[in-house]
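Worksheet: the structure to be examined is printed underneath.
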Amino acid sequence: MKFNASAKAFANVALVKYFGKRDRVLNLPDASSLSLTLEPLQTVTKIVFDESYKSDKVLFNGDVVEGSAATRISSFLDIARNLKGITLKANVDTTNSFPTAAGLASSASGFAALARAVDYALDLKLDDTALSAYARRGSGSASRSVFGGFVKWQRGEKDDGSDSHGICIKKPSWWDLRMIVGVADSGQKSMGSTGAMNLTKETSPYYKSWIKSAQSHVNEAVEAIEKKDFQKLGEITENSALLMHGAIMGSNPGIMFLKGTTIDAYHLTVEMRKKGLGAYFTCDAGPQPKILCTVEDAVKIERELSMLKGIKKVINCKIGDGAQVIKPYGTSIEDKCSTLQ
Ligand code: 2P0
């Protein structure tokens with residue numbers, strides 16, 4: 001049995017958003033969603049299981065993780081340990097290549113990389129579908145980052161969640177779309193996305209119609225991807241983000257993830273479209289604006305967004321591959337977890 005492994009995974013940005021659970025423990029969504037896996041927003045994770053460890057230890061960008069974040073990782077590892085019938089504790093060392101202060105979601109790439117590393121280290125031999133369902137237990141959106149390209153996370157119907165996992169609709173080479181990610185000067189997020197989606201489900205009068213829209217948007221988006229209909233895919237992308245934020249704002253007490261810079265970026269996107277650029281706005285559970293565009297317009301849009309007041313940094317992302325093992329260590333358990341460079 002192998003005990004060590006390293007794996008990498010890219011983050012993803014949803015064109016049709018996931019925002020609401022039918023099961024909070026298993027992270028089962030109320031609706032399907034659809035995303036692009038994005039290079040270079042990458043997490044690299046190394047895991048070592050060792051009989052000498054008394055407890056799990058987690059490092060994130062070189063700092064020890066404690067409290068509920070550490071418990072969340074241990075619970076995730078317990079799922080695999082139970083599957084394998086072992087009790088070995090682990091050291092997990094995880095590093096993000098993208099600026100974490102940026103408030104970009106890292107749980108998707110984080111749990112996808114961790115799932116891949118755990119699978120290899122413990123020789124679980126999960127196929128990508130089962131691996132995606134496992135990654136989902138850590139964070140819903142991680143089920144999509146297991147795969148590269150255009151990825152659908154299907155809602156599934158089963159209570160055990162075995163049919164709620166990512167599916168690669170098309171590989172990265174299918175269509176060279178870009179996502180321009182703007183890092184807004186934002187400070188701390190007002191609320192985590194898990195808490196926000198639960199409150200939205202419990203209190204927003206718009207929640208039901210939001211879920212209904214997501215389900216049909218996913219089917220339409222898959223069709224638009226198959227036909228390479230950029231305008232259609234862009235319109236769905238922008239509409240899904242605005243509908244999601246509408247439902248979120250309708251919570252009681254209200255939740256507002258969008259900042260002034262985010263709204264300015266939305267207007268800039270509409271203006272660029274009027275000038276003939278293929279640009280569509282999206283935004284997640286934070287203030288960072290993101291613009292879906294074609295490769296032809298990407299550099300111009302990147303330049304426009306970077307000149308917007310309040311934008312600190314712009315990352316031009318292309319569509320990336322799924323989670324991969326990067327450094328198998330075989331059966332040696334000598335290689336202790338050290339901070340990755
Ligand atoms: C998405 N988000 O589809 C949506 C859009 C945020 C807004 O997936 O509770 O961190 O761990 O399953 O995966 C963020 O949700 O939430 C997310 P949990 P997760 O990308």
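Counting starts at 1 for both ligands and their atoms, in listed order. As the structure is a prediction and not an experimental result, all values here were calculated from the model. Quick note: residue numbers are just sequence positions, from 1.
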*Y207 and K21: which non-hydrogen atoms are nearest, and at how many Å?*
OH-N, 3.8 Å

*Assert yes or no for the condition that the ring centre distance of W153 to Y18 is strictly below 6.0 Å.*
yes

_If the cut-off is 4.0 Å to any non-hydrogen atom of S107, which atoms of ligand 1 fall inside it?_
10 (O)

*Which one holds for S141 and ligand 1: side chain close, backbone close, both close, or neither close, with close meaning a heavy atom under 4.0 Å?*
both

*ligand 1 contact by S33, heavy-atom criterion under 4.0 angstrom*: no

*G140: numbered ligand 1 atoms lying under 4.0 Å from its heavy atoms*: 11 (O), 12 (O), 13 (O), 18 (P)

*Polar-atom distance check: K17 versus ligand 1, any N or O pair below 3.5 Å?*
no

*Hey, does M197 sit under 4.0 Å from ligand 1 if you only count heavy atoms?*
yes

*asked:* Both conditions, 6.0 Å and 45 degrees, for the charged tip of K201 above the ring of W210: are they met here?
replied: no

*How are the rings of F230 and W175 set to each other: parallel, tilted or perpendicular (split at 30° and 60°)?*
perpendicular

_ligand 1 atoms in contact with N27 (distance to a heavy atom under 4.0 Å)_ = 12 (O)

_If I take atom CG from residue L233 and atom CD from residue E223, how far apart are they, to the nearest 0.5 angstrom?_
11.5 Å

*For ligand 1, which atoms have a heavy atom of A14 less than 4.0 angstrom away?*
1 (C), 3 (O), 20 (O)

*For atom 9 (O) of ligand 1, which of R72, R144, M244, K21 has the closest heavy atom?*
K21

*Does the pair K300/D297 count as a salt bridge with the N-to-O cut at 4.0 Å?*
no

*asked:* S33 and side-chain hydrogen bond (donor to acceptor under 3.5 Å, both in side chains): which single residue from R144, Q215, K152, R155 fits?
replied: R144

